[in-house]
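Residue numbering restarts at 1 for every chain, and letters A, B, ... go by the order of the sequence lines.
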Amino acid sequence: MFIQEIIMVKVRFAPSPTGFLHLGSARTALFNWLYARHTGGKFLLRIEDTDKARSSKKFLDEILEDLKWMGIDWDDEPLHQSQRFEVYREKAEQILAKEKAYKEGEAIIFKVEKGRTIEVNDIIHGKIAVNTNDIKDQVMIKSDGSPTYNFACVVDDAYMEITHILRGDDHISNTPKQILFYEALELTPPKFGHMPLILGQDGAKLSKRHGGVSVEEYKREGFLPEALANYLILLGWFPGEDHEVLSMDEAVKLFDISDMSDVQAKFDIQKLRWLNGEYIMKKTTEKLLPLIKEQLLTAGFDMSGVTDDYISKLVDLYKIRIKTLRELGELADWFFKDDFTMDEEGKRKYLDKEENKDNIRIFVDRLDGLEDFSHENIEKICRDIAEERELKAADIIHPTRLAISGKTKGAGLFEVMELLGKEKVIKRMRGVDK
RNA sequence: GCCCCUGUCGUCUAGCCUGGUCUAGGACACCGCCCUUUCAAGGCGGCGACACGGGUUCAAAUCCCGUCGGGGGCGCCA
């Protein structure tokens, strides 16, 4: 056994509560969490709230909630940097005492020794070498008494006994600076791994245009946490050709940090949508029910008098046809309101023809006398009429679908007729003549 | 400007370390066909890539150099 394998892995996620949880941060958290859970180590949280003006409890609560939503749990209590200002100062004073730093006003600044090469053996990128000539002297404690990011980061990672730092590529240039601090504090640096950033599909920075940047936005849009997490994981680690759709449990089992990609990936909303559709399809209607209800409510539908049983049947009918939870409301709005919009092209094609209206008339008259409004019975009537009039069943089906839903697409006609109910079906079919 | 990371289908990637098994495999998207009551789902098929230029070698997607492209960083922000 190698020594590294018997020391417990400790990783951390260090959000700054100055905004919502960004997709990129969520991915970073996810990989750290995966690594900890895979190795049986610890996943710790550190709140980087040194900027008092910009940090807020509200953001922190949101971030923690989003993490939980994604299925990420953490060990121990989160460490708050705002409560450790004395520690940072003390450590900076130690370095100052060794004459490796100087004061400028109230600030304590670290002297960077020139002409050295700092080598980092990055877990993801391999060797990275930087010359200290390219690094300016580094502020440790600012004039206002607060620590700088790089300094607090080192003090805390050492204090928390972090063994591996997995973070975004944008921190590569921070790493040699931090290593200098580890040296000055006579500490052994942890292992570093820098994962490439996520880009929008046009190669630019991920932004609103690409579908949103915050976890919250995807949640609202009707993405399932397991789909989002699965997709984010795929953006940086390939679990194998047969494992693209994988649960967090499987990911924990299969995850191998040495297989992480060193190439920046573009965020592809299409693939996320596909994955989400896969998860929706496979999820039980029972589990989908509360989520769908919430979406319908937010969409503003009148849900009074609508039973869970009714929604469940709707979900059964539509869950293989939607890519996001929100889409059910768009596809099935006509179940909740009578003033649904009519597809213009479909209307021209199916409802503006007299023979089609005739068929609907005959169909509705027979439905009127139907006692048991089951889809089997409805279908029987429809097919009988088609046979009698020497038509294809489709000639009756399409105009009828349009009459009751305003749409040219959707779940099987007879099933949706049964669910919508005799009264509304008949009213809408008769409405065609007006 | 300087420093760092990076470059296989439109996108995510397998392969690269340990050259030949690669006329480069899979997934999403797209297109076509089948199924069918439309849309999905499902099945089958198609389109489609080693950034470019030099080396090294009997042989390079794989190794080396250069060019070009993409990204990040250079704060008393985090």
task = Can you tell me the pairing partner of B:U21 across any strand shown, Watson-Crick or G-U wobble, with both distances under 3.5 angstrom?
result = none
task = Using a heavy-atom cut-off of under 4.0 Å over every strand shown, decide if A:N174 touches base, sugar-phosphate, or nothing.
result = base
query = Does a nitrogen or oxygen in the side chain of A:R273 sit under 4.0 Å from OP1 or OP2 of B:A29?
reply = no
key: Test of ring centre spacing under 6.0 Å for A:F110 and A:F181   = yes
query = Is the centre of the A:F31 ring less than 6.0 Å from the centre of the A:H164 ring?
reply = no
query = So, does A:D262 use its side chain to make a donor-acceptor pair with the main chain of A:H125 at under 3.5 Å?
reply = no
request  = Please determine if a side-chain N or O atom of A:K266 lies less than 4.0 Å away from the OP1 or OP2 oxygen of B:G70.
outcome  = no
key: Nucleotide-resolved protein contact map, nucleotides 3-8 of chain B, B/S/- at heavy-atom distance under 4.0 Å   = SSSSS-
key: Geometric class of the A:W237/A:F255 ring pair [parallel <30°, tilted 30-60°, perpendicular >60°]   = perpendicular
Could you write out each protein N or O paired with an N or O of nucleotides 41-50 of chain B at a distance under 3.5 Å?
residue	atom	partner	partner atom	Å
B:A41	OP1	A:K323	NZ	3.4

request  = Could you check whether A:S16 gets within reach of a base, just the sugar-phosphate, or nothing at all, counting any heavy atom under 4.0 Å?
outcome  = sugar-phosphate
request  = Could you give the distance separating B:C4 and B:C9 at their C1' atoms, to the nearest angstrom?
outcome  = 29 Å
Same-atom distance (C1') from B:G48 to B:U13, integer angstrom = 15 Å
message = For the C1' atoms, the ones on B:U62 and on B:C28, what distance do you get once it is rounded to whole angstrom?
response = 26 Å
message = OP1 or OP2 of B:C76 versus the side-chain N and O atoms of A:S146: is any pair under 4.0 Å?
response = no
message = Donor-acceptor check, side chain of A:H194 to backbone of A:R167, threshold 3.5 angstrom: yes or no?
response = no
message = Students often get this wrong, so: under 4.0 angstrom with heavy atoms, is A:E48 touching a base, only sugar-phosphate, or nothing?
response = sugar-phosphate
ask   = Do A:R27 and A:F267 meet the cation-pi criteria used here (NZ or CZ under 6.0 Å from the six-membered ring centre, within 45° of the axis)?
value = no
inquiry  = Quick check against the 3.5 Å criterion: does A:R321 have a side-chain atom that pairs as donor or acceptor with the backbone of A:L317?
reply    = yes
key: Donor-acceptor contact below 3.5 Å, side chain A:R366 vs main chain A:I381   = no
query = Which part of the nucleic acid, if any, lies within reach of A:E106 when heavy atoms closer than 4.0 Å are counted: base, sugar-phosphate only, or nothing?
reply = nothing
query = Would you say the side-chain atoms of A:S25 pair up with the backbone N or O of A:L21, donor to acceptor, closer than 3.5 Å?
reply = no
